[in-house]
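What follows is one structure encoded as structure tokens, with my remarks underneath.
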Amino acid sequence: MKPMWIGGDFVSGKSRIKVVNPATEEIVDEAPDATAAQAREAVRAARAAYEKSWRRSAAHARAEMLHEIARGLREKTRELAALLTLEGGKPLRENVDELGWTAACFDYYAELGRNSRGRVIPSGETTQLNLVLKEPYGVVLAIVPWNYPLLLLAWKVAPALAAGNAVVIKPAEQTPLATLALSEVFAGLPKGVVNIVTGRGETAGEALVRDPGVDYVAFTGSLAVGKRIGGICAEAVKKCHLELGGKDAFVVCEDADLDVAAKAVAWASFLNAGQVCTSAERVYVHQSVAKTFTDRLVGFTKSLRVGPGMDPETDVGPMIGARYRRQVDAHVREAVRRGARLLAGGKKPARLSKGYFYEPTVLANVDHSMAVMRDETFGPVCPVKSYGSFDEAIRLANDSIYGLGANLYTLDAKKAKRFYEEAQAGTVWVNDPLTDNDAGPFGGYKASGGSRELGEEGLEAFRQSKHVHWDFEQNPKPWWYPYGDKSRRLKS
Ligand code: NAD
């Protein structure tokens with residue numbers, strides 16, 4: 001069992017959580033299930049490190065340490081990627097990519113933090129100075145889900161550290177192992193600047209959220225848990241940001257290269273077994289090309305190989321757990337019961353008796369009354385619906401409580417412009433789905449949370465602004481009525 005990392009010390013847990021390999025259903029390791037006292041201790045350690053040195057550390061010194069973390073991640077890519085596959089099921093290749101993006105995120109915020117500062121507000125008064133300082137909040141709690149455990153950790157921890165905050169990390173209970181292994185990568189930081197606490201969300205996680213020593217909660221996860229955490233933070237007037245679920249639309253226009261579009265849709269729907277917050281969960285295709293497009297999508301989907309993530313031949317790995325697979329299957333069953341046509345998948349693969357696998361699935365003849373078009377499915381399911389006019393496609397794409405991302409496939413610039421202007425989504429991809437850019441903000445409209453990570457916005461999120469107004473002299477001011485210049489008194 002790997003220990004937690006609190007105040008620069010390794011700390012084991014009294015009770016434990018079992019970590020299950022989703023490809024085999026076997027227990028591969030255990031992780032500490034932190035007690036409330038251990039959660040408090042991590043917050044105390046973070047606070048002490050913040051007050052002692054980190055909040056006053058120079059931006060260039062922090063930048064060097066963030067680059068060092070990026071170097072450590074690159075050196076340990078193979079080891080960490082293998083752990084991610086073992087605990088999360090994602091194909092090894094995808095986890096190697098995740099490590100690359102994670103390291104790049106630390107490099108990006110090293111330089112953004114080094115180069116970004118407050119500002120001077122020009123003043124006409126020779127004796128006055130107006131400054132805007134950018135200050136950290138203090139102790140940031142980073143709560144991370146299991147689908148991209150290290151990448152989504154980096155989106156919080158890198159900017160939070162660059163801004164001068166100390167951090168407590170709480171990984172998901174399904175995927176604590178790769179995160180615990182990061183203690184070696186963070187070892188160059190002053191003790192307590194980063195702490196790793198594992199445990200169940202509703203116990204260890206919630207104890208951390210409620211701890212008065214936590215100044216800021218950065219959460220990525222489900223809408224239900226986000227509402228709960230948001231409520232607790234609102235009650236305590238504690239700053240928090242919420243990155244929640246999605247139900248992304250993917251609109252294919254009649255001019256699209258249908259072969260490429262079908263592959264793009266499959267990639268966007270089945271990557272990480274569809275367990276991506278920006279998975280394409282609703283596909284709308286123009287009626288004139290719907291049949292050709294759907295045939296190609298189905299052909300391509302059926303050619304995908306489902307299997308364990310350690311097998312280099314695997315295209316689609318297992319889902320994270322039985323509960324999640326049951327929900328996906330329930331969405332598919334309900335849709336079929338209500339008239340949807342199942343064109344591919346829709347069941348566990350017969351040749352894999354163990355593991356939480358689900359065949360990549362394509363549904364047609366769907367409508368918005370079905371859960372598969374309304375609620376987040378979060379699995380390898382791609383429902384396809386045809387549309388008549390571009391107005392209708394935009395209306396359907398926006399018909400969701402969520403607004404994380406939206407995709408369009410077309411070479412028609414007028415349609416592309418109209419789509420990105422009208423889409424109620426935090427990211428719009430045209431002809432290149434699911435591509436993130438460290439410099440571009442990421443986050444959702446509507447019930448997807450309204451917060452932003454990455455980009456300059458992602459650093460700004462972890463800093464608060466302080467306005468300093470300074471007069472070098474001590475003269476009475478004429479507007480201090482009735483204490484100042486009495487000649488300014490209004491004559492009645
Ligand atoms: P989840 O909400 O169940 O858990 C997320 C994290 O919150 C875990 O670390 C968990 O331990 C913790 N947690 C659970 N209950 C808690 C509580 N009461 N107090 C404090 N912490 C608690 O989500 P999940 O099932 O692990 O992840 C899947 C969800 O995450 C999906 O809805 C997906 O769309 C969303 N997601 C969003 C983004 C984004 O950037 N918007 C990215 C990835 C995943």
Side-chain angles (χ1 to χ4, degrees), residues 17 19 22 31 33-34 36 39 87-90 98 101 105 141-156 168-176 179 196-211 214 217-233 236 238 240-248 271-281 319-325 327-328 375-379 400-405 425-427 434 436 440-454 457-458 461:
I17 39 178
V19 182
D33 188 7
E87 62 185 350
K90 227 169 38 272
E98 179 171 347
W101 303 329
C105 181
L141 168 62
I143 303 183
V144 186
W146 43 263
N147 60 342
Y148 287 90
L150 299 191
L151 183 66
L152 297 178
L153 174 156
W155 289 9
K156 298 164 182 55
V168 178
I169 301 167
K170 201 329 245 141
E173 41 273 63
Q174 296 91 340
T175 54
T179 306
I196 305 169
V197 174
T198 53
R200 292 176 209 291
E202 59 276 18
T203 50
E206 200 158 314
L208 287 165
V209 172
R210 289 185 184 280
D211 193 306
V214 167
V217 179
F219 170 79
T220 299
S222 60
L223 176 58
V225 175
K227 282 181 180 173
R228 181 164 178 85
I229 289 176
I232 296 168
C233 290
K238 184 178 290 195
C240 84
H241 84 236
L242 305 173
E243 290 286 351
L244 308 177
K247 189 75 193 167
D248 288 10
L271 177 73
N272 193 8
Q275 301 167 119
V276 183
C277 51
T278 49
S279 285
E281 292 223 352
M319 296 189 58
I320 191 70
R323 171 165 68 90
Y324 295 83
R325 182 172 60 179
Q327 155 156 331
V328 167
D375 303 337
E376 190 177 38
T377 305
F378 222 57
S400 172
I401 61 161
Y402 294 108
L404 196 53
T427 305
L434 263 56
D436 295 324
F442 179 94
Y445 282 31
K446 303 192 276 187
S448 294
S451 310
R452 293 295 178 275
E453 294 184 335
L454 292 184
E457 292 83 350

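Keep in mind that the numbers below use all heavy atoms, side chains included, and drop hydrogens, waters and symmetry copies. Whatever order the structure lists ligands and atoms in, that order sets their numbers, starting from 1. Model, not experiment: these values are computed from the prediction.
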Side chain, backbone, both or neither: which applies to [X] and ligand 1 if a contact is any heavy-atom pair less than 4.0 Å apart?
X	result
Ser448	neither
Ile143	side chain
Ile229	side chain
Val276	neither
Asn147	side chain

With the threshold set at under 4.0 angstrom, would you say [X] reaches ligand 1 through any of its heavy atoms?
X	result
Gly443	no
Phe219	yes
Trp155	no

Identify, for [atom], the protein heavy atom at the shortest distance, and state residue, atom and that distance.
atom	answer
atom 24 (P) of ligand 1	Trp146 NE1, 3.3 Å
atom 19 (N) of ligand 1	Gly201 O, 3.3 Å
atom 15 (N) of ligand 1	Val225 CG1, 3.4 Å
atom 23 (O) of ligand 1	Ser222 N, 3.4 Å

Please work out which of Glu376, Glu453, Arg323 has its closest non-hydrogen atom nearest to atom 32 (O) of ligand 1.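 Closest candidate by heavy-atom distance is Glu376.
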Among Pro176, Gly205, Cys277, Gly221, which one puts a heavy atom closest to atom 30 (O) of ligand 1?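 Shortest heavy-atom distance from atom 30 (O) of ligand 1: Gly221.
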Within ligand 1, which atoms have a heavy atom of [X] less than 4.0 Å away?
X	value
Pro171	9 (O)
Glu173	10 (C), 11 (O)
Lys170	9 (O), 10 (C), 11 (O)
Glu206	17 (C), 18 (N), 19 (N), 20 (C)

Charged N to carboxylate O below 4.0 Å: is that the case for Glu206 and Arg228?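 Yes.
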Does the pair Lys247/Glu281 count as a salt bridge with the N-to-O cut at 4.0 Å?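 Salt bridge between Lys247 and Glu281, a charged N being under 4.0 Å from a carboxylate O: yes.
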Non-neighbouring partners of Phe378 that pass ring-ring contact (aromatic ring centres under 6.0 Å, His included), sequence neighbours left out: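 Only Trp146 meet the ring-ring contact (aromatic ring centres under 6.0 Å, His included) criterion with Phe378.
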Distance below 4.0 Å between atom 26 (O) of ligand 1 and any protein heavy atom?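 Under 4.0 Å from atom 26 (O) of ligand 1, at least one protein heavy atom found.
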List in chain and number order the residues that pass side-chain contact (heavy atoms from CB on, under 4.5 Å) with Asn272, two or more places apart in sequence or in another chain; answer none if no residue qualifies.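 Partners of Asn272 by the side-chain contact (heavy atoms from CB on, under 4.5 Å) criterion, ordered by chain and then number, come out as Lys90, Glu94, Asn147, Tyr148, Gln275, Val276.
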